[in-house]
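Here the structure is laid out as structure tokens; the discussion comes afterwards.
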Amino acid sequence: MSTYYLTTPIFYVNGSPHIGHAYTAVAADVIARFRRLQGVDTYFLSGTDEHGQKVEKAAAEAGLAPRAFTDAVSGQFRAMLAMLDVSNDDFIRTTEPRHKAGATALWQKLAASGDIYPGHYEGWYAVRDEDFYTEADLTTLADGTRLAPTGAPVEWVREPNYLFRLSAYADRLLAHYEAHPEFVGPAGKRNEMLSFIRGGLRDLSVSRSSFRWGIPVPGDPDQVMYVWLDALANYITALGYPDQTGPLWRFWPADLHLVGKDIQRFHAIYWPAFLMAAGLPVPRRIFAHGWWTRDGAKMSKSLGNVVDPFDLVTKYGVDATRFFLLREVPFGNDGDFSHRALVGRLNTDLANGIGNLAQRTLSLVAKNCEGRLPDAGPRQPADTALLELADALPTVLAGAFERQALHEALDEVWRLVRAADSYIDQMAPWSLRRTDVARMGHVLRVLAEAIRVAAVVLQPFMPASMGRLLDQLGVSADARDLAALQAPLPDGIVLPAPQGVFPRWVEDAGASR
RNA sequence: GGCGACGUAGCUCAGCGGUAGAGCAGGGGAAUCAUAAUCCCUUGGUCGGGUGUUCAAGUCACCCCGUCGCUACCA
């Protein structure tokens, strides 16, 4: 049986979850659920990244010990996943013993092979920002003082550190990119990674001594591991690394690391280099999605326009939220969130679209077929045309999922929904009721089959709603994967009373925005 | 500054050498099974500007204008 291993980034716990985190998690969940629907042995990992200076600082500001702070924030991320119906198989925290042990083993492996060596990092450092800057970022004043872009004065500092021999991997990385054009997506991001590598790779400082909140460097208690080396290791420590004989190790290498575009480089360059150095296969694909703005403006805490995923779900419901995030914008592009846009999708695509289609079909069955699924009859050309569109859907969607073209997958389903609405209008079963009852039944049966296909393939996007729709279509709980679509629904099964799946959003009198 | 991407209907985008497309929004009509939902028809584009290659260019090349991304040790 083929396997599929996909991951979200582990979320950095220096702040609460926002729509960006929800987006990554939902997208990954949809992909994982689709693989399961295909019958693929799937493993889906999420988690939290809890070390580093920023977390140490955020904890101090909150008046908490780092561990107490990360326990709380990590819990918020876990709650977010649960609320969004995200079906991750595991949730790893970098503060867990299993992770620390695995990350330590990885370090030792890299040190043993000579890819980590003692050295020092030096550069322009701004004490006020607690950050290093490159020469190009700096402004030099008349008196020779150099300033960071933030206006903070910088000084040249030299910190003893362990370095990773990244420079030695440029050629191997380029060769890998060459041999695997699909390694990084979208294509534009791949170009950026390539030009970064071609621009020359310098050895990477992989330890820090300026703060304490991290995994200690083996054999050197004065240093902690660089958070990225620590964090990236989660993808293998969750599978049991360094033990490569455990039950989960079969999932390595990962099929897909889904990431936000801001952390592409760490995943597409540093991580594969670490893995090469450790003698492990590299992930098959790294795909970066875009960012959300809010009503056209950048989201930021200071502007106070951050979209809280908990609020979204409370207000619009889980499935409408999930659907909106994936339907509104081509996956990989940036998108804009607005109440208006979300309500537009909710009403047009869900309530007026598939919701209404199912309701009109099922209520005709309820009223005119004694609530039983009518038999399939001889097919007329229009029937065949609609059913062929439906039957092709699983394959078409599989292709879209292969490329993480989630918006395209939805687009394809809606082609079927529109075709079905067109079909029902042309066939007019409400007229056939008086002229040709048998044909009316056959038409409704064709519609039921088409809706069933749509509902099955939409389960990954809207698990709860599509579950309810499949209930109404009389599809048993164990016959809801792609393989089950091969068999027609049993004739004559009794269907429950139809009930709208997606109510229209009606603006309250008092509601603004 | 360097490298790269993009600029197509009001909006969001697809098309990437052979008579300009989709969804939404707008207009007209039909139907009445349905969540006043649906269906059909339709308005709308000198495909950022220019030069060139070609029998033929949103589609290739070059230049210009505009927008955006990357340009490493915060994540």
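Each chain gets a letter, A, B and so on, in the order the sequences are listed, and its residues count up from 1. Keep in mind that the numbers below use all heavy atoms, side chains included, and drop hydrogens, waters and symmetry copies.
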Contact residues, residues 431-450 of chain A to RNA chain B [heavy atom, < 4.0 Å]: A/Arg433

Closest-nucleotide ordering on RNA chain B, the 5'-leading residue of A/Ser422 and A/Phe266: A/Ser422

Short side-chain to backbone donor-acceptor contact, A/Thr361 and A/Leu357, under 3.5 Å: yes

N or O in side chain of A/Arg265 less than 4.0 angstrom from B/rU71 OP1/OP2: yes

side-chain hydrogen bond (donor to acceptor under 3.5 Å, both in side chains) involving A/Ser16 - partner list, sequence neighbours excluded: A/Gln76

Any A/Arg360 side-chain N or O less than 4.0 Å from OP1/OP2 of B/rU38: no

Nucleotide B/rU71, atom C1' - distance to CG of A/Asn191 in whole Å: 14 Å

Ion pair check, A/Arg360 and A/Asp425, cut-off under 4.0 Å: yes

side-chain hydrogen bond (donor to acceptor under 3.5 Å, both in side chains) involving A/Asp349 - partner list, sequence neighbours excluded: A/Arg345

Aromatic ring pairing A/Trp505/A/His339, orientation class (parallel under 30°, perpendicular over 60°, tilted between): perpendicular

Syn-anti status, with the boundary at 90° from 0, for the nucleotide B/rG58: syn

Positive for side chain to side chain contact (heavy atoms under 4.5 Å, CB included) with A/Phe337, one of A/Leu342, A/Val329, A/Asp295: A/Leu342

Distance, rounded to the nearest Å, where A/Ile263 contributes CD1 and B/rC70 contributes C1': 16 Å

Interatomic distance, A/Asp71 atom CG to A/Leu64 atom CG [nearest 0.5 angstrom]: 10.0 Å

Gap between atoms CD and P, on A/Glu56 and B/rC74 respectively (whole Å): 15 Å

Sugar-phosphate only, base, or nothing, as touched by A/Trp228 at under 4.0 Å among non-hydrogen atoms: base

Gap between atoms CZ and C1', on A/Arg415 and B/rA14 respectively (whole Å): 13 Å

Stepwise side chain to side chain donor-acceptor pair (under 3.5 Å) check, A/His99 with A/Thr237: CA-CA 5 Å; A/His99 174 76; A/Thr237 63; 2.8 Å; yes

Parallel, tilted or perpendicular: ring planes of A/His289 versus A/Phe331, cut at 30 and 60 degrees: tilted

Side-chain N,O (A/Lys367) to OP1/OP2 (B/rA34) below 4.0 Å: yes

Interatomic distance, A/Lys189 NZ vs B/rC6 P [rounded to whole Å]: 13 Å

Close side-chain approach of A/Phe323 and A/Leu346, heavy atoms under 4.5 Å: no

Pairing string, 5' to 3', for RNA chain B - Watson-Crick or wobble contacts under 3.5 Å, brackets [ ] where pairs cross, | to another strand: ((((((((.[[[[.)..(..]]]].(((((.......))))).....[[[[[..)....]]]]])))))))....

Residue of the set A/His51, A/Lys54, A/Glu50 for which side chain to side chain contact (heavy atoms under 4.5 Å, CB included) holds with A/Val227: A/His51

Distance-only donor-acceptor test, A/Arg202 side-chain atoms vs B/rA72 base atoms, 3.5 Å: yes

Check nucleotides 20-29 of chain B for protein N or O atoms closer than 3.5 Å to its own N or O atoms and list the pairs.
none

With sequence neighbours excluded, residues passing side-chain hydrogen bond (donor to acceptor under 3.5 Å, both in side chains) with A/Gln359: none

Distance, rounded to the nearest Å, where A/Met427 contributes CE and B/rA31 contributes P: 17 Å

Sugar-phosphate, base or nothing in reach of A/Leu166, heavy atoms under 4.0 Å: base

